[in-house]
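Let me begin by presenting the structure, written as structure tokens, before commenting on it.
So you know, we letter chains A, B, ... as the sequences are listed, proteins then strands, and number each from 1. The shown structure was predicted, so the numbers you read here are calculated from the model rather than taken from an experiment.
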Amino acid sequence: MTVRVRFAPSPTGYLHIGGARTALFNWLFARKHGGEFILRIEDTDQKRAVPGAIEAIMDGLRWLGLDWDEGPDIGGPYGPYIQTQRADLYQQWANWLVEHGHAYKCYCTPAELTEMRQAQMAAKQSIGYDRRCRNLTPEQRAAKEKAGLKPVIRFQAPLEGETIVPDLIRGDITYNNTQIADSVLLKSDGLPTYHLANVVDDHFMAISHIMRADEWINTAPLHIHLYKAFGWQPPIYAHLSLVMNPSGKGKLSKRTQAFTDSGQEVLVKVSEFQEAGLLPEAVVNSLTNVGWSFGDDVEKFTPEEAMPRFELEAINPAPSRLNYTKLDWLNGQYIQEMSPSALAQAVKPFLDAAGIEVNPEALTAVMPAMRVRLKRLKDALLFLRFLFDDAPVELSAEQLTHKKLLREAAHEAFKQMRDLVRTIEPYDLETLGPALMKLGESVTSNGKAGPFLGMARLAVTGQEVSPPLFESMVALGRERTLARLDEVIALFTADGG
RNA sequence: GCCCUCAUCGUCUAGGGGACUAGGACGUAGGCCUUUCAAGCCUAAAACCGGAGUUCGAAUCUCCGUGAGGGCACCA
């Protein structure tokens, strides 16, 4: 069987990380089997359509490296790939169902339906359309038409029996047919609902496997009956578990943008991952680990390495969350593998966005010292800030003392360092390094330079985590280094030292 | 109210009747190294939701609880 799978988002906005995971699993499966990955836009709810959303979704997929073989931009043999452009097809098949006794026209108004639903809730009954239009007589129908009511087409669901939904991840799921609603297939505006469009398109686009989120699982029995009514073969189902909020409360897809959860930043849109300085390789790697496992205790791998091992049956049915901290770790791993020039290039846009101008060579030069400290590309901004920002350092004398270098000694050490920086020639890495080491050894109570050098780095860069001291001093230059040391020495005298 | 799904360390997971003293990763704690931090290396703490049953033997199979999640639109 030729594998043909699809990712079918609604153009209601950006690409969501949960959607990206669904797309990724489809893509992985298609690529593994040498099949096709199709992008289809489900825009039959015109009220919710957002201009530019299709482009935004495609941008997200491209950034992640998920390329599609057929889609709205590139076309394909089964197009068009935008559902509103296929409206005639859905109408045709909706009418076919009516003619063949599998669907009927319903004239209920939205107000009527709302009232019905409220009554059901008040009576604590189960909620759903009560099929009041299912058995209208031709006379009743004619009367409704005459009154100018625009009908919808509803599916005539079976009233008894059971339906089995075979699912590759969950096994067979049995539904009592009383649970299947007479759902609307064609809306009064002439456009289809998800149910109809989905079944018609999957059939005519020759989709072999449906991989979609778990939230769709309860629509599967209805869809199976639609296939049956049409006399078509249903695709193979695989319902993916949902990606939850990091707290575990609720599905992440309910969130539309980044938010904070118990102090932790939670990224939601794919574009937010990009803007935060995460690499697409790391995001894809992390996403592949949500609900699936490479095996052999391997955590870091490329999609190409994952493909031969990727099996739908091995997908974990339990809902899970994206481990953002682990994503940061993975991102750091990927960053460490980058060459200084590649990294500088990747970091550049973030500096540009912050209005910081650097020449590429200088930037490349600091990358080796910085690389191992970066979790996200954007962190470079923080680590390099001391180079561009001469605002007074926000430090206290307490931060600049150590158990091996108490306050008085630290004060004295910084003064000695200032003298050294003022007079040393030449002011470069080779000279500065040994001289500061020596100074450090002479000022601490244990004769080790470490404590002093740590504090000196804090003084010079103003940051807990920053590039190493000597490199930082050289990058900063003699005059600016002296200015910072002056500031720091003043701290000791200012607050009662 | 009705229906569906799911359940292993804090998180992501491995395991699918005996190889389990339950493995790995992130995170956490401690140590080493070191030019502090970071990175790297080493060590540690940390889980089979509960109860019945099947079986010589259950994390693994069955049932019942419990908990969590999802669905029940002229939204997808």
Side-chain angles (χ1 to χ4, degrees), chain A residues 8-10 12 42-45 47-48 83 106 108-110 113-114 117 120-129 150-154 165 167 169-170 173-176 178-181 183-189 191-195 197-198 213-221 239 241-242 244 246 248-251 286 289-300 316-330 332 336 370-375 383 402 433 436-437 440 448-458 461 463-471:
Chain A
S10 288
T12 50
E42 307 214 330
D43 62 342
T44 55
D45 185 1
K47 293 186 287 294
R48 293 200 310 153
Q83 287 185 328
C106 162
C108 296
T109 62
L113 294 171
T114 308
R117 217 168 291 125
Q120 287 169 338
M121 279 199 279
K124 294 205 187 274
Q125 289 171 335
S126 68
I127 299 157
Y129 181 60
K150 273 205 156 166
V152 300
I153 292 179
R154 283 187 185 272
V165 177
D167 185 280
I169 296 172
R170 283 155 223 279
I173 304 161
T174 306
Y175 288 85
N176 194 313
T178 54
Q179 291 300 317
I180 302 175
S183 299
V184 173
L185 301 178
L186 199 73
K187 298 182 276 188
S188 55
D189 65 0
L191 285 170
T193 58
Y194 169 75
H195 306 297
N198 185 266
D214 186 33
E215 58 196 324
W216 301 115
I217 202 162
N218 292 324
T219 66
H239 287 93
S241 62
L242 292 178
M244 312 295 290
K249 297 283 175 201
K251 55 176 181 176
S286 289
N289 275 330
V290 177
W292 186 76
S293 163
F294 189 89
D296 293 345
D297 295 338
V298 173
E299 306 281 336
K300 182 168 170 288
N316 188 169
S320 52
R321 333 163 193 196
L322 178 61
N323 189 334
Y324 285 82
T325 325
K326 195 167 175 178
L327 169 57
D328 275 339
W329 168 78
L330 251 183
Q336 288 196 44
M370 206 143 85
R371 189 167 46 190
V372 351
R373 274 159 255 261
L374 289 183
K375 284 269 190 277
F383 295 155
H402 187 275
L436 281 166
M437 284 289 274
K448 294 207 171 194
F452 168 71
L453 295 170
M455 287 168 357
R457 189 185 50 76
L458 186 57
T461 66
Q463 289 154 219
E464 291 285 353
V465 178
S466 76
L469 174 63
F470 309 148
E471 282 86 344

Tell which nucleotide pairs with [N], taking only Watson-Crick or G-U wobble pairs whose two distances are both under 3.5 angstrom.
| N | answer |
| --- | --- |
| B:A29 | B:U43 |
| B:A22 | none |
| B:C6 | B:G67 |
| B:U60 | none |
| B:U55 | none |
| B:A14 | none |
| B:C72 | B:G1 |

[N] [atom2] sits how many Å from [X] [atom1], rounded?
| X | N | atom1 | atom2 | result |
| --- | --- | --- | --- | --- |
| A:W329 | B:C26 | CH2 | P | 5 Å |
| A:L453 | B:A38 | CG | C1' | 16 Å |
| A:R321 | B:C9 | CZ | P | 10 Å |
| A:L458 | B:C37 | CG | P | 12 Å |
| A:L322 | B:C12 | CG | P | 10 Å |
| A:W292 | B:A14 | CH2 | C1' | 13 Å |
| A:I180 | B:C4 | CD1 | P | 12 Å |
| A:H239 | B:C6 | NE2 | C1' | 15 Å |

Residue pair A:E42 / A:P192, side-chain heavy-atom distance below 4.5 Å: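 A:E42 does not reach A:P192 side chain to side chain.
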Sidechain-backbone polar pair: [X] side chain, [Y] backbone, donor-acceptor under 3.5 Å:
| X | Y | answer |
| --- | --- | --- |
| A:D296 | A:V298 | no |
| A:K251 | A:E215 | no |
| A:T44 | A:T193 | no |
| A:S188 | A:K150 | no |
| A:D328 | A:K375 | no |

So what does [X] hit on the nucleic acid, given a heavy-atom distance under 4.0 Å: a base, only sugar-phosphate, or nothing?
| X | answer |
| --- | --- |
| A:G295 | nothing |
| A:Q336 | sugar-phosphate |
| A:D328 | nothing |
| A:L469 | base |
| A:K375 | sugar-phosphate |
| A:G332 | nothing |
| A:P319 | sugar-phosphate |
| A:N323 | base |
| A:F452 | nothing |

Check: B:C37 base within 3.5 Å donor-acceptor of A:R373 side chain: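 Result: at least one qualifying N/O pair found.
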Pair of N/O donor and acceptor under 3.5 Å linking B:G24 base with A:E299 side chain: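 By the distance-only test, yes, there is a pair.
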Taking the [atom1] atom of each, how far is [N] from [M], in whole Å?
| N | M | atom1 | value |
| --- | --- | --- | --- |
| B:C48 | B:A59 | C1' | 4 Å |
| B:U60 | B:G53 | C1' | 15 Å |
| B:A45 | B:G30 | P | 15 Å |
| B:A22 | B:U28 | P | 24 Å |
| B:U13 | B:G18 | C1' | 24 Å |
| B:A14 | B:G24 | C1' | 7 Å |
| B:U35 | B:U43 | C1' | 25 Å |
| B:U66 | B:G50 | P | 16 Å |

Restricting both atoms to N or O, compile the protein contacts to nucleotides 70-76 of chain B shorter than 3.5 Å, with distance only.
residue	atom	partner	partner atom	Å
B:G70	OP1	A:K251	N	3.1
B:G70	N2	A:N218	ND2	2.6
B:G71	OP1	A:K251	NZ	2.6
B:C72	O2'	A:I127	O	3.1
B:C74	OP1	A:R117	NH2	3.4
B:C74	OP2	A:R154	NH2	3.3
B:C74	O2	A:S188	N	2.8
B:C74	O2	A:S188	OG	2.7
B:C74	N3	A:S188	OG	2.9
B:C74	N4	A:C108	O	3.0
B:C75	OP2	A:K187	NZ	3.2
B:C75	O2'	A:D45	OD2	3.0
B:C75	O2'	A:R48	NE	3.1
B:C75	O2'	A:R48	NH2	3.0
B:A76	OP1	A:T44	OG1	2.8
B:A76	OP1	A:K187	NZ	2.8
B:A76	OP2	A:Y194	N	3.0
B:A76	O4'	A:R48	NH2	3.3
B:A76	O3'	A:S10	OG	3.2
B:A76	O3'	A:E42	OE1	2.8
B:A76	O2'	A:S10	OG	2.6

First of A:K326 and A:I173 reached from the 5' end of RNA chain B, by closest nucleotide: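 Result of the comparison: A:I173.
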Whichever of A:A318 and A:V372 has its nearest RNA chain B nucleotide further upstream toward 5':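 It is A:A318 whose nearest nucleotide is closer to the 5' end.
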A:Q120 side chain to A:Q125 side chain, donor-acceptor N/O pair below 3.5 angstrom: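 No donor-acceptor contact under 3.5 Å links the two side chains.
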Any donor-acceptor N or O pair under 3.5 Å, side chains A:N218, A:Y175: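 Distance-only check passes for A:N218 and A:Y175.
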Least distance between heavy atoms, A:N198 atom then A:Q83 atom: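 For A:N198 versus A:Q83, the nearest heavy atoms are N-NE2, 4.2 Å.
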Closest approach of A:H239 to A:D167 (non-hydrogen atoms, all atoms of both residues):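 Shortest heavy-atom contact: ND1-OD2, 2.7 Å.
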